[in-house]
Amino acid sequence: MFNPARARLLQEKLAEQVVFRDDFPPVSLVAGLDVSYFRTSGAFCGVAVVAVLRYPSLTLVEYAYHVEEAPVPYIPGLLAYREAPILLKAYAKLSHDPDLLLVDGHGATHPRGLGIASHIGVVLDKPSIGVAKKLLTGTVEEHQGVKYVVVNGVRAGIVIEEPGRKKLYVSTGHRVSPRTAYLLVTRMRKPRAGLPEPIRVADSLSRELARKLRGSRCPEPG
DNA sequence: GCGACAG
DNA sequence: ATCTTGTCGC
């Protein structure tokens with residue numbers, strides 16, 4: 001059974017493994033990860049999608065998905081326990097090996113420094129970046145023109161603000177500095193898009209799949 | 001105790 | 001996240 005207190009302790013332990021410095025090879029394949037849901041008899045059915053795009057052309061190379069009942073309810077700060085299990089199963093179905101992961105949600109800008117982007121990055125030991133639409137915790141502090149998201153005295157993320165576009169909170173997931181996360185996500189946002197292309201594609205595909213699967217039965221974990 | 005709270 | 005039609009705007 002799910003124990004929130006136990007889950008938080010594990011996050012504190014895994015957070016020690018998060019690397020804030022850039023430590024990754026040249027990027028040629030980037031993956032976007034996202035989960036959509038559809039209602040069933042008694043629970044929520046999650047549809048996880050991992051879309052792999054070539055970089056910097058941002059053209060789709062392949063995508064994999066996995067459908068399964070959400071194992072636990074959504075609890076702020078514990079999102080990874082609800083979505084990571086399904087995302088990892090979809091990830092295992094890929095035939096390509098991405099160099100970088102862009103995850104929908106926060107990375108180190110988290111109460112215990114281990115948002116879903118960091119959680120997945122550490123588990124797979126893959127460079128990762130968190131991309132969120134809302135602030136979860138921390139304060140925004142501007143220094144020399146850069147708006148950092150500071151959590152527990154640490155600059156864990158940066159706010160991307162551009163006139164006429166939705167604000168984004170990018171953060172270190174694993175092995176990528178906040179500054180580099182900012183630069184990469186900025187380069188992966190198409191002219192008028194709100195989300196960087198890899199996540200936009202994963203979001204679009206997961207929603208489409210959820211819509212089509214609505215009404216059908218949901219596979220249980222295990 | 002009160003308010004906040006990714007997706 | 002999802003529940004939901006039309007509607008304003010580029």
Side-chain angles (χ1 to χ4, degrees), chain A residues 2 4-5 7-8 11 14-15 18 32-51 65-88 90 101-122 128-140 149-152 156-160 162-174 178 181 185 190-196 198-200 202-216 218:
Chain A
F2 184 51
R8 296 188 180 92
Q11 290 185 320
L14 289 179
V18 173
L33 291 69
D34 190 30
V35 182
S36 287
Y37 300 85
F38 66 87
R39 255 298 217 179
T40 60
S41 304
F44 287 94
C45 192
V47 181
V49 168
V50 179
Y65 70 94
H66 185 75
V67 184
E68 188 173 289
E69 184 180 318
V72 301
Y74 165 69
I75 297 176
L78 299 180
L79 175 67
Y81 291 90
R82 179 178 173 78
E83 304 192 333
I86 312 178
L87 281 169
L88 291 173
L101 274 34
L102 255 56
V103 185
D104 191 357
H106 286 94
T109 43
H110 173 279
R112 290 164 294 285
L114 197 86
I116 188 169
S118 298
H119 186 122
I120 290 177
V122 168
S128 65
I129 294 172
V131 179
K133 310 167 201 61
K134 303 173 186 174
L135 193 61
L136 169 62
T137 188
T139 59
V140 176
V149 176
V150 180
V151 180
N152 295 320
I158 293 177
V159 184
I160 296 182
E162 289 181 46
R165 296 214 285 180
K166 182 167 47 179
K167 196 180 301 183
L168 287 181
Y169 299 85
V170 299
S171 55
T172 286
H174 186 47
V185 171
K190 290 196 170 181
R192 317 225 298 161
L195 296 169
I199 290 182
R200 192 193 69 69
D203 177 84
S204 176
L205 290 172
S206 65
R207 285 196 203 187
E208 180 184 328
L209 285 167
R211 179 171 57 72
K212 288 183 178 180
L213 293 170
R214 146 186 76 170
S216 63
C218 186

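Everything numeric here is computed off the predicted structure, so don't read it as measured data. Order of the sequence lines sets the chain letters (A, B, ...), proteins ahead of strands, with each chain counted from 1.
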Does [X] place a side-chain N or O at less than 4.0 Å from the phosphate oxygens OP1/OP2 of [N]?
X        : N     : result
A:Lys134 : B:dC5 : no
A:Tyr74  : B:dA6 : yes
A:Ser36  : C:dT2 : yes

Do A:Phe2 and A:Arg82 touch side chain to side chain, with heavy atoms closer than 4.5 Å?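 With C-beta onward as the side chain, the pair stays apart.
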
So do A:Ile129 and A:Leu102 actually touch side chain to side chain, heavy atoms under 4.5 Å?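 Yes; the side chains approach each other to less than 4.5 Å.
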
Spacing between [X] atom [atom1] and [N] atom [atom2], to the nearest angstrom:
X        : N     : atom1 : atom2 : answer
A:Ile129 : B:dA6 : CD1   : C1'   : 17 Å
A:Leu33  : B:dA6 : CG    : P     : 20 Å
A:His106 : B:dG7 : NE2   : P     : 7 Å
A:Leu195 : C:dA1 : CG    : P     : 9 Å
A:His110 : B:dG7 : NE2   : C1'   : 12 Å
A:Lys133 : C:dT2 : NZ    : C1'   : 14 Å
A:Leu213 : C:dA1 : CG    : P     : 18 Å
A:Gln11  : B:dC5 : CD    : P     : 18 Å

For A:Tyr37 and A:Arg192, find the nucleotide of DNA chain C closest to each by heavy atoms; which residue's nucleotide sits nearer the 5' end?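 It is A:Tyr37 whose nearest nucleotide is closer to the 5' end.
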
Minimum-distance nucleotide to A:Leu136 side chain [options: B:dG7, C:dT2, B:dA6]: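 So the nucleotide nearest the side chain must be B:dA6.
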
Which part of the nucleic acid, if any, lies within contact of [X], taking any heavy atom under 4.0 Å across all strands shown: a base, the sugar-phosphate backbone alone, or nothing?
X       : result
A:Gly77 : base
A:Ile75 : nothing
A:Leu78 : base

Over 12 non-hydrogen atoms of neighbours within 6.0 angstrom of OH in A:Tyr65: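 Counting other residues, nucleotides and ligands, OH of A:Tyr65 stays at 12 neighbours or fewer.
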
Parallel, tilted or perpendicular: which describes the rings of A:His106 and A:Tyr169, with under 30° parallel and over 60° perpendicular?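 Tilted: the ring planes of A:His106 and A:Tyr169 meet at 30° to 60°.
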
Write down the atom of A:Ala108, the atom of A:Ser118, and the distance for their closest heavy-atom approach.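 A:Ala108 and A:Ser118 have their closest heavy atoms at N-OG, 3.3 Å.
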
